S.K.: 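Sharing a structure with you now.
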Amino acid sequence: MSRATTTVSTVVIFLLALNLRPAVTSLGAALPDISVAGDLVAAVLVALPLWAIGLGGWATPWLANRLGTYRTVAVALAALVLSLGGRVLAGSAQLLTGTALACLSIAVLGTILPLLAGGSAAFTFGLGLGSTVGALVTPAVVLSSSWQVALGLWAGVALVALQVWQRVPGEFATPQRASGATPAFALTIHFGLISTVTFLVMGWLPGILRDAGVPATTAGGCLALSMAMGLPMMLLVPGWTRRWHNQTLLVVALAVPNAIGVTGLLLAPAAAPWLWAAATGTGMGSLAFALTTISLRSRNSSLALSAVVQGVGYVIAGFGVLACGWLHTYTGAWRTPLLLVLAVLVGQVVSGHAAVTRRNLAALIPRQRVARRPLFVRRPDDAPEVGV
């Protein structure tokens, strides 16, 4: 395989991964300014992406089995462009519908991409950078223009990715047909609880800070800082996951920063908002741990385990996020929801311990399968090849 082919593959993976989070982080950053989102609509908007991503993850193997990986990615990108552009054109119903369709598209991409990337840093870096840029750019656009423009501009980023994908000379290495993926109930619960905390931070952090008297620009900047702190963690944690002998200690270490940040938001949110944001961002390394663990337990690049763990996990997280939103609406304050988040973090540690102690992850797959494999491209004239 030539260096040029590897470079093209890496760039394409990066551009695709860049689109996995702005639809969500931009929504969280602009949520206090969205005129059509009342308290209940706002609570549903924060939980809705998780349910949509969960359902989309379940459907991905079925879709890829019928269309092939290349066409499945193309369809998902086209749907993402249309939904991101359409959700800002009218009222709350269109906003909810467009967000759901966008997240269904993101689910398809997010289920396939980890296996196409094969451990490439282009995937994790693109995922983290998309989160950060969505949180950082959106508030500035809201102030200079409107929330419609701030949310709609991300359709342009998805359109660029679609144009690049359609010009790729062929198809990436294809995930294989599933063959008895390892059952992972504890890993599914662990992933769901991690996603609950992650999406609560992305969805509610600016609102929590603004309700505490923090200026809107500062609150948006704190969300951007939180996402930025996740970037180095997304790069470092996969290696730690493979090398640390005591996986439970790693689970605890990754949960501690989130516990510090959430406690700070509970007790004194306006006292040190940048510190609490940095802590919650560092805690997002737990998501990288879960995704890497999914990869380690997936044999022959099968979509089966990825679809099950992410699909069920995101649905669980959706209920957790909605519960926090309803508690905020009911109590009119953030104290009870944040106490619930601390309880979720305890569950995250317990489920993480259960997920990593039943068997040694390093022994599940030979070292040559754990190591990064180069990306390559081949012609897309293939029969459907993925199934569960």
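Everything quoted here is computed from the prediction, not taken from an experiment.
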S.K.: In this structure, is the centre-to-centre distance between the rings of F289 and W240 below 6.0 Å?
M.R.: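 Between F289 and W240, which both carry aromatic rings, the centre distance is not below 6.0 Å.
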
S.K.: Can you name the nearest heavy-atom pair linking L153 to V141, along with the distance?
M.R.: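 L153 and V141 have their closest heavy atoms at CD2-CG2, 3.8 Å.
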
S.K.: Under the rule for side chain to side chain donor-acceptor pair (under 3.5 Å), what residues qualify as partners of Q163, not counting sequence neighbours?
M.R.: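 If we apply the side chain to side chain donor-acceptor pair (under 3.5 Å) test to Q163, skipping adjacent residues, the hits are R167.
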
S.K.: Mark yes or no for whether Y314, through its side chain, and A107, through its backbone, hold a donor-acceptor pair below 3.5 Å.
M.R.: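 Absent.
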
S.K.: Find out if a path of hydrophobic residues (ILVMFWY) with successive side-chain heavy-atom gaps under 4.5 Å connects V164 to L82.
M.R.: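 Per the 4.5 Å side-chain linkage, V164 and L82 are not co-clustered.
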
S.K.: Using modelled atom types and a 3.5 Å cut-off, is there a donor and acceptor pairing between side-chain atoms of T218 and backbone atoms of V214?
M.R.: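 No.
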
S.K.: Would M284 and V346 show up in the same hydrophobic cluster when neighbours are defined by side-chain heavy atoms closer than 4.5 Å?
M.R.: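 As far as the 4.5 Å side-chain criterion goes, V346 and M284 are not connected within one cluster.
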
S.K.: Has W154 got a side-chain atom pairing as donor or acceptor with A150's backbone, closer than 3.5 angstrom?
M.R.: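 Checking the backbone N and O of A150 against the side chain of W154, a donor-acceptor pair under 3.5 Å is found.
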
S.K.: Sequence neighbours left out, what passes side chain to side chain contact (heavy atoms under 4.5 Å, CB included) with I316? Give chain and number order.
M.R.: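 Residues passing side chain to side chain contact (heavy atoms under 4.5 Å, CB included) with I316: I189, V312.
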
S.K.: Keeping the roles fixed (side chain from Q94, backbone from G86), state whether a donor-acceptor pair exists under 3.5 Å.
M.R.: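 No.
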
S.K.: Can L67 be reached from L109 by stepping across I, L, V, M, F, W or Y side chains whose heavy atoms are under 4.5 Å apart?
M.R.: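 Yes, it is one cluster - the side chains of L109 and L67 are joined through contacts under 4.5 Å.
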
S.K.: With under 30° as parallel and over 60° as perpendicular, where do the rings of H328 and W334 fit, or are they tilted in between?
M.R.: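 Parallel, since the angle between the ring planes stays under 30°.
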
S.K.: Spell out, yes or no, whether L254 and L249 are grouped together once hydrophobic residues are joined by side-chain heavy atoms under 4.5 Å, including indirect joins.
M.R.: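 L254 clusters together with L249.
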
S.K.: Going by heavy atoms in the side chains, are V237 and T241 under 4.5 Å from each other?
M.R.: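 V237 reaches T241 side chain to side chain.
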
S.K.: Ignoring hydrogens and geometry, is there a side-chain-to-backbone donor-acceptor pair from S226 to C222 under 3.5 Å?
M.R.: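 No, the answer is negative, given that no donor and acceptor are paired below the 3.5 Å cut-off.
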
S.K.: Should V88 and L143 be counted in the same cluster of Ile, Leu, Val, Met, Phe, Trp and Tyr side chains packed under 4.5 Å apart?
M.R.: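 No, separate clusters.
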
